[in-house]
Amino acid sequence: MQTYAVETDSISINFGAVQALKDVEFKLKAGEIRGLVGKNGAGKSTLVKVLNGIHHQKAGSLRIFGNEITKATPPEVRRQFLSMIYQEFSLIPEMTVIENVFLNVEPMKGPLVDDKTTYGLVKNFFDSMEVDIEPHEKVKNLNTSDMQFVEISKAVLQNKRILLMDEPTAALEADQTDKLFRLIRKLKDRGISIVLITHHLHHIMQLCDSVTVLRDGQVVLDEQTENIDLQDVIYHMLGDKGFSERRRKFKAIESKKPLLVMQDVRSKNSRYPISLELYSGEVLGLAGLKGSGRTEILNTLFGIDPALSGSITLNGREVILTNPNEAYSSGLSLIPENRHTQGLSLMHSVYFNTILPILDRLGQTFVDDRQGKSLTNHFVERLNIRTDDILASVSNLSGGNQQKVVIAKSLANEPKVMLMDDPTYGVDIHAKSEIMNIIDEFTSQGNGVILVSSDLKELLQNCDRILIVKEQRIVQEIRDVLATDVTEEELENLIQQQREEER
Ligand SMILES: Nc1ncnc2c1ncn2[C@@H]1O[C@H](COP(=O)(O)OP(=O)(O)OP(=O)(O)O)[C@@H](O)[C@H]1O
Ligand SMILES: [Mg+2]
């Protein structure tokens, strides 16, 4: 009989009325890479949290390398075998790579870690993985991708045999993602078993031996990847509600009425003056690599990094935006890049987060609770936010549903212009199309959207115009996305050229 790395029988767990997992059978073989996919709120994170012992199942059983794990099992037993690779790393920035890898382990020679041995271990491991990181480097000097490698190395060098990765590529650039995948393949060759959660389904098809699809907390597909294709996975994720490829139909630029104009705007953080126009009814895309200056343009418009020279005109009137409050009251709103640190107050409820920006409109001293609640319910319904209680903390919502709360919060202020910084990051295809429908409705009322996205297909499908941003400059304009019929590959090339020039 085969011993699985992980094996569950009929695991169920609920949070209040939400049945997050129902009778889940999940098997992971030794040395297998298994993709775990599903829409936002399907139960993916919950399942790996049960494996990791953060949550305990209400029913069903769990074995790790044949060891029965119950609530009474000491945490060390799991920790001996498995490690979760979080997006927020557990590394200590001030310490070196070696110190981090062997933190709390002290493998050799008593309390003083023998530097030569540990250096050798880490260096050898990095070499065998073809990772180019200096073991004596302080972690704070590494980029995100290298920090992630250190995190993974730490797990492997501490002999963990199962790695759980919940959206590990979310913070990575395309070439860093390729590097991570090469590493994952090498880990597999060493016999390590991996669970990979990601919304990038083509990654699953490329990398995984097998895939589990969850829908509403239940396993709806469990197959070897070679036996299925991408369409099968999508079909099972969505259930009967299929989805169709969309293209934006509204051609806003014909309106010729600039809603927002930036003219030679410079800020503290800008290297070149920025000029752009956004028309009434338009979705204007900003395409560029992370760090190309896309976010900086939005930050200037939102008063986070205020303009020091040049002018910003909204609806024909010049506006001075020296802080986000002024931007807000002028009719701008921002969906920030990082919803956890900038977009939401996680401890607070859906209700509180939604009405937060408009508290003064609901009454200066006494908040009109009824009006606030009906507004919140309106958005929960309209944006299809999956929650059974608007007074429950936002931290309980799945990633995609949290993002919808950020959008609700933004819409509650009735802005004229929405600045959206990668709004569908970590969001499943169904919620993505819902967010795009919201954008359509919003712009059809004469409003405008500036959309930053790392998903080029999304830009091509949803923008009237796209500006290419490179090294803090707008270097090119694709005037009519619909008519020019630019492909994803061509757009990728335009964006990537910067790196070629740098070499
Ligand atoms: N601690 C919690 N308290 C209450 N409800 C929770 C908690 N954790 C998860 N849930 C609920 O359980 C369901 C599954 O959530 P989970 O985070 O596992 O989804 P997911 O598949 O990881 O989604 P995403 O792709 O958005 O990250 C959701 O409805 C979520 O709101
Ligand atoms: Mg999740």
Side-chain angles (χ1 to χ4, degrees), residues 259-270 273-278 283-284 286 290-291 293-364 367 372 375-376 379 383 394 402-425 435 438-439 442-443 447-453 469 472:
L259 181 61
L260 177 80
V261 182
M262 285 176 96
Q263 187 66 50
D264 295 323
V265 172
R266 272 172 173 280
S267 71
K268 198 165 100 256
N269 292 321
S270 67
I274 295 285
S275 300
L276 61 79
E277 285 116 53
L278 172 71
V283 181
L284 174 66
L286 298 183
K290 256 197 190 135
R294 314 169 307 182
T295 297
E296 286 72 11
I297 294 174
L298 301 192
N299 283 349
T300 296
L301 283 172
F302 200 61
I304 295 170
D305 177 24
L308 298 176
S309 64
S311 68
I312 298 175
T313 317
L314 192 65
N315 260 334
R317 264 194 27 232
E318 186 166 345
V319 285
I320 309 288
L321 309 167
T322 56
N323 61 54
N325 282 336
E326 283 171 2
Y328 234 104
S329 43
S330 306
L332 291 152
S333 71
L334 174 72
I335 314 277
E337 191 174 18
N338 186 336
R339 59 183 166 249
H340 282 173
T341 55
Q342 301 170 307
L344 287 175
S345 170
L346 281 178
M347 278 151 40
H348 286 103
S349 64
V350 175
Y351 166 64
F352 180 79
N353 273 284
T354 306
I355 65 160
L356 183 64
I358 52 160
L359 273 180
D360 54 349
R361 239 205 289 143
L362 293 172
Q364 296 290 355
V367 174
L375 188 81
T376 307
F379 283 116
L383 307 189
V394 165
Q402 287 181 2
Q403 183 66 331
K404 290 192 209 162
V405 177
V406 179
I407 296 175
K409 176 179 155 184
S410 160
L411 286 171
N413 190 44
E414 296 173 9
K416 294 301 292 172
V417 174
M418 266 207 283
L419 311 168
M420 307 180 100
D421 201 349
D422 240 342
T424 61
Y425 160 107
I435 291 174
I438 295 163
I439 292 181
F442 179 74
T443 49
N447 302 313
V449 167
I450 302 185
L451 177 66
V452 167
S453 178
V469 189
Q472 321 279 326

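Only a predicted model underlies this, so the values are computations on that prediction, with no experimental measurement involved.
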Any side-chain donor paired with an acceptor under 3.5 Å for Asn447 and Lys416?
yes
Nearest heavy-atom neighbours spanning Gln403 and Pro423:
NE2-O, 2.6 Å
Test side-chain contact (heavy atoms from CB on, under 4.5 Å), reference Met420, set Leu298, Leu286, Val452, Ile439, output is Ile439
Quick check against the 3.5 Å criterion: does Thr376 have a side-chain atom that pairs as donor or acceptor with the backbone of Gly372?
yes
Between Gln402 and Val394, is there a donor-acceptor pair closer than 3.5 Å when you use the side chain of the first and the backbone of the second?
yes
Donor on one side chain, acceptor on other, Ser333 and Asn413, under 3.5 Å
no
Rounded to the nearest 0.5 Å, how far apart are CD1 of Ile450 and CZ of Phe302?
12.5 Å
Grab the two heavy atoms, one from Asp422 and one from Ser453, that are nearest each other, plus how far apart they are.
OD1-CA, 3.2 Å
Looking at every non-hydrogen atom in both residues, tell me the closest pair between Gly293 and Val469 and how far apart they are.
C-CG1, 4.0 Å
To check you understand the geometry: which heavy-atom pair defines the closest contact between Gly303 and Pro324, and what is its length?
O-CD, 3.7 Å
Contact between Pro336 and Asp421 at the side-chain level, heavy atoms closer than 4.5 Å - yes or no?
no
Do you know which two heavy atoms are closest between Leu383 and Ala408, and how far apart they sit?
CD1-N, 3.6 Å
Heavy atoms only: give me the nearest Leu308-Lys268 pair and the separation to one decimal.
CD1-N, 3.6 Å
Tell me if a side-chain donor or acceptor on Thr313 pairs with a main-chain N or O of Gly316 at a distance below 3.5 Å.
no
